[in-house]
J.: 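Okay, handing you the structure first.
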Amino acid sequence: MLFNKETILFNINSVPVIGNFDTGSLIGLTESGKAFCDKIINSGIEIENVEPENLELFQALCQAGFFEEICVNKSLSAYLHVTQRCNLHCVGCYSLDSDRNCLKDPSTEQVKRAISQLAQNGCQLLVISGGEPFLRKDLGEILQYAKNEAQISRVQIITNGTFLTIEMLQQVKPYVDGIAVSIDGYSKKNPTFIRDEGIFDKVISAVKLTKKAGIDTTILPTIHTKNSDVMMEYVKLSKKLKVGISFSLLTCSPKDSVLKEWLPTNKQLSRIAEELIEIGLDGAIAVNDMPIGDGLDTRKSCEVGCKIVSVGADGTVYPCHMLHDRRLAMGNVFEENLSDIMTTDIAITCKNLHVDNFDVCNKCKHRYICGGGCRARSFYVYDNLTSHDFYCPMTKTYFDWISDQLEKMYKQ
């Protein structure tokens with residue numbers, strides 16, 4: 001038996017680990033475990049020749065899909081934008097473009113076709129987004145199709161919360177695994193920052209209604225330069241509401257004359273990482289579009305256009321929801337098969353992205369657990385997918401801490 005080609009041996013500080021780019025698996029090794037893995041890399045191994053002291057490690061490697069003979073099903077995560085209509089005017093919205101409130105909604109059948117294509121290509125996580133998804137009267141039918149007909153394992157909705165009613169929630173409840181409510185302020189008194197004024201009570205009411213309906217509920221604050229020092233206030237709010245929390249970072253072009261003032265400075269980015277570490281000591285906190293969350297993974301990139309895709313409200317497939325740029329359009333799922341779209345030149349470019357080839361990142365000791373961060377932020381600054389993420393000060397601070405903690409545990 002041989003390791004598959006996506007297997008790599010490397011160190012996190014002084015800790016030897018073995019990782020797999022395909023599955024994201026990461027296993028810490030003792031010195032004898034490292035020697036065992038080196039032996040497999042050099043000459044392979046037969047099951048009957050595995051020594052008793054290496055049996056547990058060998059079984060873990062098998063389960064995690066490290067060997068050529070063991071096939072691990074690949075899964076796809078997808079954003080599906082079911083409308084471009086929205087009643088709010090949020091600064092830096094990732095889906096804001098010239099079609100906002102102008103593009104006609106795709107038909108129910110077009111949306112179902114997109115879902116069917118995603119499911120056929122291994123989609124296990126479907127995020128329904130917009131615009132505002134709850135503006136669609138057929139949202140329940142769409143979700144029912146995704147869950148029951150297409151049999152997608154996890155279906156989630158991102159909403160601004162301003163249109164939710166208990167009747168709507170009861171319609172979608174059987175078919176949705178979670179609802180994330182975007183939130184801006186942490187109290188009625190504080191500034192609304194990037195969202196429309198006067199909606200705080202309505203959003204909080206939506207969070208309470210969603211929780212009352214028995215749906216797994218998360219609040220989703222967007223962090224930027226003007227609220228990066230009050231992240232703990234959002235955590236306190238989530239605890240008060242007894243719901244989960246996941247942070248999002250404002251991501252846009254620093255060249256944009258309007259939006260650049262909202263982007264965190266390098267000092268703030270490092271401080272955000274320190275805040276996340278402090279918050280995470282009381283339980284892991286996920287950060288959308290960042291390699292930060294539960295545990296460590298092995299990453300060669302953020303997997304845009306490969307394990308992640310995004311479908312616009314016009315059916316256009318993009319590498320991810322942060323890269324709805326016509327230069328990166330991969331095809332149209334309303335008209336083409338996704339299996340063909342995933343073989344186009346842009347898709348192949350995305351598939352071949354590797355942190356070893358990213359400027360700056362290729363010299364970083366954290367590159368195989370960071371994966372080079374967000375490719376959208378590379379594209380926004382350098383017009384390519386192979387430069388470094390300008391939010392690097394945040395991930396570096398975070399992974400410096402993680403690596404130091406792992407090394408302390410290893411030496412105990």
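Residues take their numbers from the sequence shown, with the count starting at 1. A quick note: this is a predicted structure, and the numbers were derived from the prediction, not measured.
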J.: D314 and T316: side-chain hydrogen bond (donor to acceptor under 3.5 Å, both in side chains), yes or no, with the steps?
T.: CA-CA 6 Å; D314 63 354; T316 303; 3.0 Å; yes
J.: With a 4.5 Å heavy-atom cut-off, do I346 and Y318 have their side chains touching?
T.: no
J.: Return yes if some donor-acceptor pair links the side-chain N/O of K307 with the main-chain N/O of S75 below 3.5 Å, else return no.
T.: no
J.: Side-chain contact, heavy-atom cut-off 4.5 Å: F134 with I157?
T.: yes
J.: Between N4 and N20, which heavy-atom pair has the shortest distance, and what is it?
T.: OD1-ND2, 3.0 Å
J.: Which heavy atom in A150 sits nearest to a heavy atom in A146, and how many Å separate them?
T.: CB-O, 3.5 Å
J.: Count the heavy atoms of every other residue, nucleotide or ligand shown that sit under 6.0 Å from NZ of K34, and state whether that count exceeds 12.
T.: no
J.: Specify the closest pair of heavy atoms between E407 and S14, including all atoms of both residues, with the distance to one decimal.
T.: OE2-OG, 2.5 Å
J.: Within this structure, what is the NE2-CG distance for the pair H366 and N13, rounded to the nearest 0.5 Å?
T.: 7.0 Å
J.: For T395 and D389, does a side-chain donor sit closer than 3.5 Å to a side-chain acceptor?
T.: no
J.: With respect to I128, which candidate in I158, L139, T159 satisfies the side-chain contact (heavy atoms from CB on, under 4.5 Å) definition?
T.: L139
J.: When you look at Y382 and H388, which way does the side-chain contact (heavy atoms from CB on, under 4.5 Å) test go after all the steps?
T.: CA-CA 9 Å; Y382 304 103; H388 79 287; 3.1 Å; yes
J.: Please list every donor-acceptor pair under 3.5 Å in which a side-chain atom of residues 169-183 meets a protein atom from a residue at least two apart or in another chain.
T.:
from, atom 1, to, atom 2, distance (Å)
K173, NZ, A213, O, 2.9
D177, OD1, K147, NZ, 3.2
D177, OD2, K147, NZ, 2.6
D177, OD2, V155, N, 2.8

J.: Answer yes or no: is there a donor N or O on one side and an acceptor on the other, between the side chain of Q117 and the main chain of R113, under 3.5 Å?
T.: no
J.: Verify whether one side chain among R271 and S228 offers a donor that lies under 3.5 Å from an acceptor in the other.
T.: no
J.: Any side-chain heavy atom of L241 sitting closer than 4.5 Å to one from K211?
T.: no
J.: Are F58 and F67 close enough, and set up right, to give a ring pair (Phe, Tyr, Trp, His ring centres under 6.0 Å), and what steps lead you there?
T.: CA-CA 10 Å; F58 177 75; F67 290 99; 5.4 Å; yes
J.: Please confirm whether the backbone N or O of S25 pairs with a side-chain atom of T298, one donor and one acceptor, at under 3.5 Å?
T.: yes
J.: Could you tell me which residues satisfy side chain to side chain donor-acceptor pair (under 3.5 Å) with K202, sequence neighbours excluded, listed by chain and number?
T.: none
J.: Under a 3.5 Å distance rule, please check whether T83 uses its side chain to pair with a backbone N or O of P133 as donor and acceptor.
T.: no
J.: Quick one: is the NZ or CZ of R367 closer than 6.0 Å to the six-membered ring centre of F10, and within 45° of its axis?
T.: no
J.: Before giving the answer on salt bridge (charged side-chain N to carboxylate O under 4.0 Å, His left out), spell out for K408 and D404 the whole-Å C-alpha distance, their side-chain angles and the decisive distance to 0.1 Å.
T.: CA-CA 6 Å; K408 288 178 183 177; D404 288 346; over 6 Å; no
J.: To check you understand the geometry: which heavy-atom pair defines the closest contact between L296 and I12, and what is its length?
T.: CD1-CD1, 4.1 Å
J.: Are side-chain heavy atoms of V360 and C392 found at a separation under 4.5 Å?
T.: no
J.: Is it the case that the side chain of N227 and the backbone of T222 share a donor-acceptor pair, with hydrogens and angles ignored and the cut-off at 3.5 Å?
T.: yes
J.: For D196 and N87, what are the C-alpha separation, side-chain angles and deciding distance, and is it a side-chain hydrogen bond (donor to acceptor under 3.5 Å, both in side chains)?
T.: CA-CA 9 Å; D196 299 39; N87 60 309; over 6 Å; no
J.: Does Y391 offer a backbone N or O that forms a donor-acceptor pair with the side chain of R377 under 3.5 Å?
T.: no
J.: Would a 4.5 Å heavy-atom cut-off, applied to side chains only, mark H354 and F21 as touching?
T.: yes
J.: Using modelled atom types only, decide if a donor and an acceptor are shared between the side chain of R375 and the backbone of S387 within a distance under 3.5 Å.
T.: yes
J.: Could you check whether any side-chain N or O of D201 sits under 3.5 Å from a backbone N or O of K188, counting only pairs where one atom can act as donor and the other as acceptor?
T.: no
J.: Where do T225 and Q268 land on the side-chain hydrogen bond (donor to acceptor under 3.5 Å, both in side chains) test, with the steps shown first?
T.: CA-CA 7 Å; T225 187; Q268 286 176 321; 2.8 Å; yes
J.: Taking side chain as C-beta onward, heavy atoms only, is F3 less than 4.5 Å from C37?
T.: yes
J.: So for atom CG, which belongs to N42, do other residues, nucleotides or ligands contribute more than 12 heavy atoms lying within a distance under 6.0 Å?
T.: yes
J.: To the closest 0.5 Å, what do you measure between NZ (K112) and CG (D138)?
T.: 8.5 Å
J.: Could you tell me whether the side chain of N190 and the main chain of S187 form a donor-acceptor pair under 3.5 Å?
T.: yes
J.: Could you tell me which residues satisfy side chain to side chain donor-acceptor pair (under 3.5 Å) with Q405, sequence neighbours excluded, listed by chain and number?
T.: none
J.: Looking only at atom types and distance, does a side-chain atom of H224 sit under 3.5 Å from a main-chain N or O of L263, one as donor and one as acceptor?
T.: no
J.: If we only count heavy atoms from C-beta on, is the V309 to L118 side-chain gap below 4.5 Å?
T.: yes
J.: Which heavy atom in T397 sits nearest to a heavy atom in S270, and how many Å separate them?
T.: OG1-OG, 3.4 Å
J.: Is there a side-chain contact between V243 and I219 in this structure, where contact means two heavy atoms from C-beta onward sitting under 4.5 Å apart?
T.: yes
